[in-house]
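Quick caveat: nothing in here was measured; it's all calculated off a predicted structure. In the text below, chain A, chain B and the rest are named by the order of the sequence lines, each starting its count at 1.
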Amino acid sequence: MPELPEVETLVRELRPQLVRRSLTTVRLHHRDVVRGVSATHLLRVLEGNRVRAVQRRAKHVVITLTSGDRLVIQLRMTGSLLVHGRALDAERRRHVVLEAAIGRGRWFVFRDVRRLGTLQLLDEQAWAAYTARIGPEPLDAGFDLNAFVQCMSGTRQAVKKALMDQRRLGGVGNIYANEALFRARIDPSRPADRIDRRAWRRLFREVRAVLREGISAGGTTVRDYRTSTGATGSYQHVLRVYGRPGEPCVRCRTALVTTHAIDGRATTFCWRCQGVDVR
DNA sequence: ACGAGGTCCTGCGAGC
DNA sequence: TGCTCGCAGGACCTCG
């Protein structure tokens with residue numbers, strides 16, 4: 001579910017609520033989401049630990065604790081994070097994976113309906129190895145066109161698949177990949193090694209633009225995504241192609257098309273604007 | 001090195 | 001109304 005803008009929105013909201021708070025009572029309701037360490041170990045480390053920092057890396061929420069360990073939360077398709085002060089209703093309680101009391105009667109909660117999300121606990125060294133395997137941050141100040149071309153090129157993979165490959169570039173998922181490719185007028189199925197410099201420049205600009213706009217809008221709510229306060233994002237109202245198959249292209253009015261030919265994920269595009277060979 | 005396809009899960013809407 | 005089927009913001013794996 002959440003891609004870079006959604007995770008950034010969550011992290012910005014959670015940071016002031018969690019930093020300097022101690023995790024007192026910690027409850028884990030589904031042990032199968034814990035990766036790398038035993039659930040028992042995870043609980044032992046979390047219990048009584050204090051939050052030093054709340055950050056985002058690509059689509060991951062990274063909660064650094066005063067012990068030096070990092071709780072890394074991957075939300076995947078349906079994961080959500082919230083802070084609440086009152087009891088959750090039955091429906092909200094239902095898919096709680098982890099909850100931790102953070103003082104003043106407030107709780108930090110990780111919910112995940114499909115439970116594809118994961119929890120990891122990484123020490124300094126493990127974190128260094130982990131983050132090194134993820135591609136650069138597209139919105140970092142030092143990330144320029146050359147860096148973008150370098151991480152994206154050199155493969156025959158479809159450019160959309162390369163864009164969503166977290167080892168190449170961090171944080172871009174299906175929604176923002178579709179939007180950026182449409183805005184850059186690039187055929188999503190085009191092999192990355194057949195994209196020219198001008199097209200890379202357009203894609204670089206549009207990837208960063210859609211991510212920034214997504215953050216400004218508080219993310220995209222297609223179905224499950226909610227911010228930490230339960231609010232919806234608003235970028236779904238701005239989407240030009242994602243979720244709009246059959247509707248007219250905003251540029252040329254041609255009916256948009258959806259295919260699942262690239263990595264089995266829904267790709268929606270305008271064959272005319274994006275120069276897709278439909279034969 | 002690449003693509004295809006299965007796997008982990010649950011919920012929802014379409015279609016019969 | 002009630003069933004089955006396919007699909008869903010992701011990422012990891014194996015196989016050919």
Side-chain angles (χ1 to χ4, degrees), chain A residues 1-11 29-36 56-61 72-81 90-97 110-120 130-131 133-135 138 152-181 188-194 207 210-211 213-215 217-227 232-246 258-268:
Chain A
M1 163 220 5
E3 307 181 27
L4 188 155
E6 290 73 35
V7 177
E8 180 65 26
T9 300
L10 283 170
V11 161
H29 300 277
H30 295 279
R31 303 191 147 225
D32 57 351
V33 305
V34 180
R35 299 295 143 85
R56 178 188 60 75
R57 172 72 174 105
K59 303 175 192 173
H60 311 253
V61 176
V72 178
I73 306 172
Q74 233 180 320
L75 298 165
R76 299 274 178 96
M77 301 286 250
T78 53
S80 62
L81 297 172
E91 181 51 32
R92 296 236 149 256
R93 277 229 63 78
R94 192 150 164 239
H95 300 106
V96 170
V97 168
F110 171 34
R111 284 183 77 232
D112 190 356
V113 172
R114 286 173 68 182
R115 236 180 306 126
L116 297 175
T118 60
L119 290 173
Q120 277 169 282
Y130 189 84
T131 190
R133 285 193 296 270
I134 306 170
M152 288 290 295
S153 57
T155 177
R156 279 176 292 177
Q157 281 180 342
V159 60
K160 178 172 180 250
K161 187 171 164 146
L163 197 55
M164 291 172 62
D165 183 343
Q166 300 301 297
R167 293 165 300 188
R168 294 182 175 279
L169 185 67
V172 178
N174 202 29
I175 293 179
Y176 295 94
N178 275 296
E179 295 300 308
L181 287 160
S189 67
R190 193 171 182 88
D193 65 0
R194 291 187 48 231
V207 164
V210 294
L211 294 175
E213 290 168 20
I215 293 170
T220 304
T221 297
V222 175
R223 43 174 47 164
D224 313 279
Y225 168 71
R226 295 292 183 280
T227 72
T232 59
S234 64
Y235 201 63
Q236 63 278 12
H237 304 302
V238 187
L239 297 176
R240 302 185 191 180
V241 287
Y242 181 85
R244 301 187 60 234
T258 290
T259 159
H260 287 83
I262 304 167
D263 209 26
R265 310 292 305 278
T267 301
T268 306

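When the P atom is used for both B/dG5 and C/dC7, the distance is 13 Å, rounded to whole Å. B/dG6 sits 16 Å from C/dG6 when the C1' atoms are compared, rounded to a whole Å.
Checking side-chain atoms of A/Glu6 against main-chain N and O of A/Tyr225 turns up no donor-acceptor pair under 3.5 Å. Between the side chain of A/Arg115 and the main chain of A/His30, no donor-acceptor pair closer than 3.5 Å is present.
Candidate nucleotides C/dA11, C/dG9, B/dG3 were compared by shortest atom distance to the side chain of A/Tyr225, and C/dG9 ranks first.
The NZ atom of A/Lys160 sits 13 Å away from the P atom of B/dG3 (whole-angstrom rounding). C/dA8 atom C1' lies 10 Å from atom CG of A/Asn174, rounded to whole Å. Taking atom CZ of residue A/Arg56 and atom C1' of nucleotide C/dG9, one finds them 15 Å apart after rounding to whole Å. Between the CD atom of A/Gln120 and the P atom of C/dA11 there is a distance of 12 Å, given to the nearest Å. A straight line from NZ of A/Lys161 to P of C/dA11 spans 12 Å, rounded to a whole angstrom. Counting to the nearest Å, the C1' atom of B/dC8 and the CZ atom of A/Arg31 are 19 Å from each other. Atom CG of A/Leu75 and atom C1' of C/dG9 are 10 Å apart (whole Å). The interatomic distance linking A/Arg244 (CZ) with C/dA8 (C1') rounds to 19 Å, in whole Å.
B/dG5 shows a glycosidic angle more than 90° from 0 and is accordingly assigned anti.
For A/Lys59 and C/dA11, the shortest distance from a side-chain N or O to OP1 or OP2 is below 4.0 Å. For C/dG9, the OP1/OP2 oxygens have a side-chain nitrogen or oxygen of A/Tyr242 closer than 4.0 Å. Within the 4.0 Å cut-off from OP1 or OP2 of B/dT10, at least one side-chain nitrogen or oxygen of A/Arg115 is found. Between A/Thr155 and B/dC2 there is a side-chain N or O to OP1 or OP2 distance below 4.0 Å. Contact check, A/His260 against C/dA8: a side-chain N or O comes under 4.0 Å of OP1 or OP2.
Of all heavy-atom pairs between A/Lys59 and A/Val172, the closest is NZ-O, 3.5 Å. Shown here for A/Ile134 and A/Ala58, the closest heavy-atom pair between the two residues is CG2-CB, 3.8 Å.
Mapping A/Asp32 and A/Arg156 onto DNA chain B by nearest heavy atom places A/Arg156 closer to the 5' end of the strand. A residue-by-residue look at A/Val222 and A/Asp263 shows that A/Val222 has its nearest nucleotide of DNA chain C further toward the 5' end. Closest-nucleotide positions on DNA chain B for A/Leu116 and A/Arg168 were compared, and the one nearer the 5' end corresponds to A/Arg168.
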Pair assignment for DNA chain B - dot-bracket with | for other-strand partners, Watson-Crick or G-U under 3.5 Å: .|||||||.|||||||

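Rounding to the nearest 0.5 angstrom, the gap separating the CE atom in A/Met77 from the CG atom in A/Asn174 is 8.5 Å.
Side-chain atoms of A/Arg168 and A/Thr155, non-hydrogen and from C-beta on, do get closer than 4.5 Å to each other. Annotation: side chain of A/Leu181 is in contact with side chain of A/Leu163 (closest heavy-atom distance under 4.5 Å). In this structure the side chain of A/Val61 never reaches within 4.5 angstrom of the side chain of A/Phe110, judged on heavy atoms.
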Candidate pair A/Thr118 and A/Arg35, rule side-chain hydrogen bond (donor to acceptor under 3.5 Å, both in side chains), full reasoning: CA-CA 7 Å; A/Thr118 60; A/Arg35 299 295 143 85; 5.4 Å; no

Can you check nucleotides 11-14 of chain B for protein contacts, nitrogen or oxygen pairs under 3.5 Å, and list what you find?
from: B/dG11; atom 1: OP1; to: A/Arg94; atom 2: NH1; distance (Å): 3.1
from: B/dG11; atom 1: OP1; to: A/Arg94; atom 2: NH2; distance (Å): 2.8
from: B/dG11; atom 1: OP1; to: A/His95; atom 2: NE2; distance (Å): 3.1

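Taking the six-membered ring for Trp and the full ring otherwise, A/Tyr235 and A/Tyr176 have centroids separated by under 6.0 Å.
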